[in-house]
Structure formats: C-alpha cells, structure tokens
There are 2 protein chains.
Amino acid sequence: MRKDSRLSRMLHVLVHLHQLQQAVTSDQLALMLHTNPVVVRRTMSLLREQGYVSAVKGHGGGWTLAKPLHQITLLDIHRSLSESSLFTIGLTDEHNNCPIEKAVNLAIDDVLQEAQALVLQRFGEVTLDKLAAGYTPR
Amino acid sequence: MRKDSRLSRMLHVLVHLHQLQQAVTSDQLALMLHTNPVVVRRTMSLLREQGYVSAVKGHGGGWTLAKPLHQITLLDIHRSLSESSLFTIGLTDEHNNCPIEKAVNLAIDDVLQEAQALVLQRFGEVTLDKLAAGYTPR
DNA sequence: GTTTTATGTAACTTATGATGTTTCGTAAGG
DNA sequence: CCTTACGAAACATCATAAGTTACATAAAAC
C-alpha cells in the first residue's frame, strides 16, 4: 500500500527551520523535499493550525517555527497530520451477528490497540531537539 | 487509507471451515464474506500455497482445512498474506546525505520496529482454536 | 462421454487517499 | 503597481486491495 510520508517529511522540515533560523519559502522546502510547493503548503498548513509553525506572506516571507523544538514531540506532529489508523490491517464489519467475526476482530484489534498505544507513547517521548542533536536509538 | 481486510476475512473463513467439517465452495464463502468467489480463490490460494488449506475441484469439492486450528497462528496467516509493512507511515529516502533525514527516519523506524515486533509476537501467541472458543482479550 | 460443478488464472475495472499539478485569489513588501 | 509569498480550489496521478468478467481445466454424476 501507498505509505504516508508526511510525518517523515514534516519532521525533516521542522529541524531544518530550526537550524536556519529564518523564514523559508514553500518553494525552497519543495526543492528540499523533491516535491511541489503546493504539497508543502497543504501539509505545513496542518501544522500551522496547531500552532507549531507560522507563515508570512510577501517579500521575505515564508515558514518559521512557532515553538522551540524541545516543546514539540513526534506525537504532536503525528496528531496534527493524521486522524486515520496507523495500520494497514483493517477489520471487517459485515456480519454483526457472527460470533466468529467478533472473536477474530477482537483478537486482531486487541493486538493493534496495544501496538498503537506503544507507538503513541514512544512518539510522545521524543522531542524534536533530540533529532537535531543526532538521534540515537534506544 | 484503504485497509487490507484479508487477515480478518481469512481468519473468519478458517474458523468456519473448522466448524463445518466439510468442503465449502468459493461461492459459499463469497456469500459469507459479501464478496466475489474470485476474490475468495485469490486470497485462499495464498493460504493453500502455505499448506493451511486445500482445494478440491468438481462435485463435492471446495475448501477444507489442511491443518488443525491449534497448529495455526494469526502470525502464520498474516505472513501468508502480506509481504508489505504493517504501518501506513512511510519514510522518505530522497536525501542520502542529509543527517537530519537520517535522524528523523531512525527515530520513526526505531518506534515502528518495536511496535512491529510486538504485533508479530502477539500474533504468534494466538492459535486459531482460541478464536473458535470465543476469544477474550488479555 | 457429456454435463455439471468446482477451482485456476488472466485481464480489466473500481475505490481510496496521499501525492502531484495547474490556476487563481490575496496579502505584504519594495 | 509589481513582485513575492501563502491560501485554496480543482483536477490528475499512483499504488494496491477489491471487485468483475471470461475462459480453461479437472473431477464427479448421470
């Protein structure tokens, strides 16, 4: 399945914004990400709505951080971007009265819920300043 | 994103095959899953290749279990169906020399690897006879 | 041996959501 | 006013599970 690479891309952008310490345009970010400025605006605007970056129009405008990196976690960005599930596995919901389907879905969902809780917890533990400093795995 | 519901569907089918104790045709399974017999054959054939079910042509033919439920785990079926990642999150791989991208991908991948290991371990712990008996979460 | 019932499989269409693209509107600085 | 920037609508593209059509093949029933 097609992957959602927005989290990876946005983290990349945020750390660069921190290091550059100046407004960066969507065109510049698009070059950096090998994509289109409209894609940048579309995705960055989700972060703007949550107060992690701000945008300024006109000459000298562009994107800047609205919060220091140590106040932003991977979880913050993940939540800003996606409302949908973390997993490519889906459950069926076609037979509301079949106890087997219920048991199957319960078993799968039980595992996925546990895994999702783990991911969200770990994401919440990583602030973006750790990425700027050169992240080392646990 | 579109979900892959094949695991849920196939587990559902396998438990039913166990309970019916007789060959079931793709048409019957398709009715059960609210889908098409060709979709059933396509997915079931992946399980056949791994030796979990067998198919017989002609009158009285259809699908039967090739192993007892207690010798099949969720992990077995999961592995038979998908080679792709469990997660909708993808990493970017566009800037091989950017240390920030490396740190970002490392941080994300670190978490996803841990979560994937958890999912696979849990899937490996659940045999299908537990689903037939009415699964209760941990 | 012909018919019926099955699976096996190729080829094509559909649905979904991130991604990519074009185009126009709008605000801010020079 | 002209250029530079974001904002946003509208549409195309891509990948993949799912759905569909069509036909070949094998096995049992008659």
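In the text below, chain A, chain B and the rest are named by the order of the sequence lines, each starting its count at 1.
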Hey, which of these two, B:Glu49 or B:His59, hits DNA chain C nearer its 5' end, going by closest nucleotide? B:His59

A:Asn36 vs A:Gly60, nearer the 5' end of DNA chain C by closest nucleotide: A:Asn36

Can you check the [X] [atom1] to [N] [atom2] distance for me, whole Å?
X: B:Leu81; N: D:dT16; atom1: CG; atom2: P; answer: 16 Å
X: A:Arg48; N: D:dG7; atom1: CZ; atom2: P; answer: 4 Å
X: B:Asp4; N: C:dT16; atom1: CG; atom2: C1'; answer: 14 Å
X: A:Leu31; N: D:dA5; atom1: CG; atom2: P; answer: 12 Å
X: A:Lys3; N: C:dT19; atom1: NZ; atom2: P; answer: 12 Å
X: B:Arg42; N: D:dT16; atom1: CZ; atom2: P; answer: 14 Å
X: B:Leu29; N: C:dT7; atom1: CG; atom2: C1'; answer: 12 Å
X: A:Met44; N: C:dG20; atom1: CE; atom2: P; answer: 16 Å

Taking OP1 and OP2 of [N], is either one under 4.0 Å from a side-chain nitrogen or oxygen of [X]?
X: A:Ser5; N: C:dA18; result: no
X: B:Arg41; N: D:dA18; result: no
X: B:Thr35; N: D:dA18; result: no

How long is the span from the CG atom in A:Asp109 to the CD1 atom in A:Ile89, to the nearest 0.5 Å? 11.0 Å

Pairwise distance CG(B:Asp27) to CE(B:Met32) - rounded to 0.5 angstrom: 13.0 Å

Taking only residues two or more places apart in sequence or in another chain, which ones pass ring-ring contact (aromatic ring centres under 6.0 Å, His included) with B:His18? none

Check whether A:Ser5 reaches the backbone of A:Ser8 with its side chain - one donor and one acceptor, N or O, closer than 3.5 Å. no

Between D:dA8, D:dC6, C:dA10, which nucleotide gets closest to the side-chain atoms of A:Thr25? D:dC6

From C-beta outward on A:Val39, which listed nucleotide comes closest to its side chain: C:dG20, C:dG8, D:dA9? C:dG20

When all nucleic acid strands are considered with a 4.0 Å heavy-atom cut-off, which category describes A:Ser45: base, sugar-phosphate, or nothing? nothing

Could you walk me through whether A:Ser26 and A:Trp63 satisfy the side-chain hydrogen bond (donor to acceptor under 3.5 Å, both in side chains) test, starting with their C-alpha distance in whole Å, then the side-chain angles of each, then the deciding distance to 0.1 Å, before giving a yes or no? CA-CA 7 Å; A:Ser26 300; A:Trp63 299 92; 2.9 Å; yes

